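Being a predicted model, the structure only gives us computed values, none of them experimental. So you know, we letter chains A, B, ... as the sequences are listed, proteins then strands, and number each from 1.
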2 protein chains.
Amino acid sequence: MPEGQGMRATLQRRMLLLGMIPRRPRRLSAPDLKERLAYRGIDVSLRTVERDVENLSSFLPLVCDDRERPYGWFWSDEAPLQDVPAMDPETALTLQILHAHSAQLLPPSARARLKPQVARAREVLDSAGDASGLSLWPERVRILSNGPPLNPPEMPDGVFPILQQGLLERRCLDITYRSRSKGQVKDHRIHPLALVFREPVTYLLATMEPHQDVLHLAAHRIEASTLTDVPARDPEGGFDLNQIIRDGAFDYPEGELITLELRVNADLAYHLHEARLAEDQLIERGPDGTSRVTATVRDTARLKWWLLGLGAGVEVVGPPSLRDAIAQELESARLAYRTKDPA
Amino acid sequence: MPEGQGMRATLQRRMLLLGMIPRRPRRLSAPDLKERLAYRGIDVSLRTVERDVENLSSFLPLVCDDRERPYGWFWSDEAPLQDVPAMDPETALTLQILHAHSAQLLPPSARARLKPQVARAREVLDSAGDASGLSLWPERVRILSNGPPLNPPEMPDGVFPILQQGLLERRCLDITYRSRSKGQVKDHRIHPLALVFREPVTYLLATMEPHQDVLHLAAHRIEASTLTDVPARDPEGGFDLNQIIRDGAFDYPEGELITLELRVNADLAYHLHEARLAEDQLIERGPDGTSRVTATVRDTARLKWWLLGLGAGVEVVGPPSLRDAIAQELESARLAYRTKDPA
DNA sequence: ATCGGGGCGTCAGGCCATGTCGCACAAGAG
DNA sequence: CTCTTGTGCGACATGGCCTGACGCCCCGAT
């Protein structure tokens, strides 16, 4: 009998095993596990591994799939997340906040991926709650979203995980895409390149065989997707996500640095005092209740949109180009309302 | 000797212990641990618990604080997160996306609380990355934020966790607050009531002794905070966060349900086709390239702000009240630009 | 100085964990 | 059909770990 080096080894090995066993669709057999342990420098007999998982499954939700002969082990779907060290209540609260906020950003199938983490956070919060039984969440925390009041589009179940997986493993995908020219549904083989989240729409950047140009595929228009074994390639000439975005592919051209000068009302001045436009922002209070704000910012579509949205609360003083652009936009927007009779 | 019920018990007990030992500032002594085990139905001698943690610390980053006599055990700061079942790559990617997005929403000290989770996600992604060594994150994923282009205010380190803790444990706080009337710094004892995140500013709702009215304290203006042992109380008459927000305390009154009717240009029509204003949204394409959109939505400040921001791309046709409001806002905003000479 | 409590070394006993062996069973090859 | 191979699983011997009990020691407090 080889010298055992203590029970330490047993506990360690079993914890390693727990970390190796996957969730539902994946599965690992006892010989698989033995090999992976060996790879980590732990050599035990196959019989021991078998006994290990059997033992662990007696008090953990491990399931043995005995339909196929090399039995496969995996975690039960309802297996709660156990983290070590345990999540502290503050982290749990932060996680819950983020998850709630993500409703605007991520498709439901992506959010569903965080279910174990969120459930765990909920558990921590509930048990950390005071004795009065008042649960802190969600009664006492609220997120007021500032994005556009639009609903994220619905996406067929199961598509998004495949996109993620294809991107992660850099494998081609076969997708069914409903193209923008209404209703045309076609199958394509694509090389996934990148994901862009532009609230509330998610885009997959990809090339479509046999072409080389980078396309923006709205994720919710992908009706079905399957993973292939063909490795994905970047387009000839390389792929630079930053460059693509900087070039304005998503209406987000970076824009020049400008010295923005605004005249704002007292309310807005106070808000800007709290959340600044830029590090070098200056606010001078004027005599008439308005304030003059200067800051060095980028001239982006988002900035214009924000300035327009503030309506009469703000006047763009400079630079002249931006002032003109805003003035013109206001002017032409106003035109539609000049006739008494709405169109 | 009492009947042991197998090695199962040992392994299970030690894993439970791992889940009970907290991170840094907190600590648990062996008697504490024994008691908590007993609470969970596991009765072992104190000596056994001592031996357990000693054993575990031989291969896990557990630290024993032996400066104070009832020794305290806690996890090393560098202890990596081990989760069971292991995080899958898709979840890891989702977590990273959320974390990146949270830069606009949460103060840095709150985001820092997710460090172990994010580090773990990073680890999973790196090991799942393809053999080419190209790391997926953050080269291939990008989030384009749609909120206002403002920087979240800075907050003194260490304040936010105290706020969270006070709220969670419902204990009073002693804070140093820089009031809105510029520069006035005062100490107060407060009863924390709720947290409101309104991008990019975070507010703590609280009552300030000896008063009963609910105040909105901007978290970044709290310069210092300490936890007290005094239990926090809700104000007389109860506290209803939903009611407060519905009443418009944060410029977010809920608003009536209205039948919104818009005339939009082709681009915007397409965007609305993707991300709808409401479930019942209808789009009719007009002959002149514009489209008519109708949807049942809430008449909120956010909606007005969004409509204004779209500028000439949209015309509010109905309801008349909203049409008038937008028209008026455009009119008065335009006034500032009528004089050739900027103010 | 005395005392008490918590930490820790020691010890005996029982039982657990491990490798080995052998058998059963299914699938696939010859 | 038979043989082989891979796999699951029961049995067994043995070494050693785990457990509770006991008592010593150190340190702080009275």
Side-chain angles (χ1 to χ4, degrees), chain A residues 1-22 26-60 62-74, chain B residues 1-22 26-60 62-74:
Chain A
M1 194 133 326
E3 73 297 340
Q5 61 180 16
M7 197 49 178
R8 216 155 311 142
T10 306
L11 184 66
Q12 230 180 131
R13 167 166 40 83
R14 293 192 174 174
M15 289 186 61
L16 262 178
L17 277 175
L18 287 182
M20 283 157 54
I21 296 175
R26 311 179 223 257
R27 37 171 281 164
L28 284 178
S29 69
D32 286 340
L33 292 170
K34 171 178 159 59
E35 188 190 0
R36 286 171 193 237
L37 279 181
Y39 176 75
R40 294 244 196 162
I42 298 182
D43 263 312
V44 287
S45 70
L46 178 63
R47 188 74 188 97
T48 297
V49 176
E50 289 170 2
R51 277 190 286 241
D52 280 342
V53 282
E54 188 186 347
N55 238 314
L56 288 169
S57 72
S58 71
F59 66 98
L60 288 172
L62 290 179
V63 182
C64 179
D65 170 24
D66 55 359
R67 290 170 311 181
E68 282 186 70
R69 210 33 156 100
Y71 289 1
W73 289 89
F74 55 88
Chain B
M1 197 129 328
E3 73 299 341
Q5 60 180 18
M7 197 47 180
R8 218 153 309 145
T10 306
L11 184 69
Q12 208 174 347
R13 166 165 40 82
R14 294 192 173 172
M15 290 187 59
L16 262 178
L17 278 175
L18 286 182
M20 284 156 61
I21 296 176
R26 311 179 220 255
R27 37 172 281 165
L28 284 178
S29 67
D32 287 339
L33 292 169
K34 172 178 158 59
E35 188 190 2
R36 287 170 193 238
L37 280 181
Y39 177 76
R40 294 243 196 162
I42 299 182
D43 264 311
V44 286
S45 71
L46 178 63
R47 186 76 188 96
T48 297
V49 176
E50 288 171 0
R51 277 189 288 241
D52 281 341
V53 281
E54 187 185 351
N55 237 315
L56 289 169
S57 72
S58 71
F59 67 99
L60 288 172
L62 290 179
V63 182
C64 179
D65 171 23
D66 54 0
R67 289 170 312 180
E68 282 185 70
R69 211 32 155 103
Y71 290 1
W73 289 89
F74 55 88

task = Round to a whole Å and report the spacing from CZ of A:Arg67 to C1' of C:dA26.
result = 17 Å
request  = Return no unless some side-chain N or O of A:Thr48 is found under 4.0 Å from OP1 or OP2 of C:dG19.
outcome  = yes
query = Quick one: B:Leu11 CG to D:dC17 C1', roughly how many Å, whole number?
reply = 14 Å
message = Exactly one of A:Leu33, A:Asp32, A:Ile42 should register a side chain to side chain contact (heavy atoms under 4.5 Å, CB included) with A:Val49. Which one does?
response = A:Leu33
ask   = When the distance from CG of B:Asp66 to C1' of C:dC8 is rounded to whole Å, what number comes out?
value = 13 Å
Letter per nucleotide, 5' to 3', of nucleotides 6-11 of chain D [B base touched, S only sugar-phosphate touched, - untouched; heavy atoms, 4.0 Å] = -SSBBB
ask   = Between A:Glu54 and A:Arg51, is there a side-chain N and carboxylate O pair less than 4.0 Å apart?
value = no
key: side-chain contact (heavy atoms from CB on, under 4.5 Å) evaluation trace for B:Val63 with B:Phe74   = CA-CA 6 Å; B:Val63 182; B:Phe74 55 88; 3.9 Å; yes
Residue A:Arg40 excluded, over 12 heavy atoms near CZ under 6.0 Å = no
task = Rounded to the nearest 0.5 Å, what's the gap from CG on A:Leu37 to OG1 on A:Thr48? Could you check?
result = 10.0 Å
task = Take atom CD of B:Glu35 and atom P of C:dG6, then tell me their distance rounded to the nearest Å.
result = 13 Å
query = Within a strict 4.5 Å, meaning less than it, do heavy atoms of the B:Thr10 and B:Arg14 side chains meet?
reply = yes
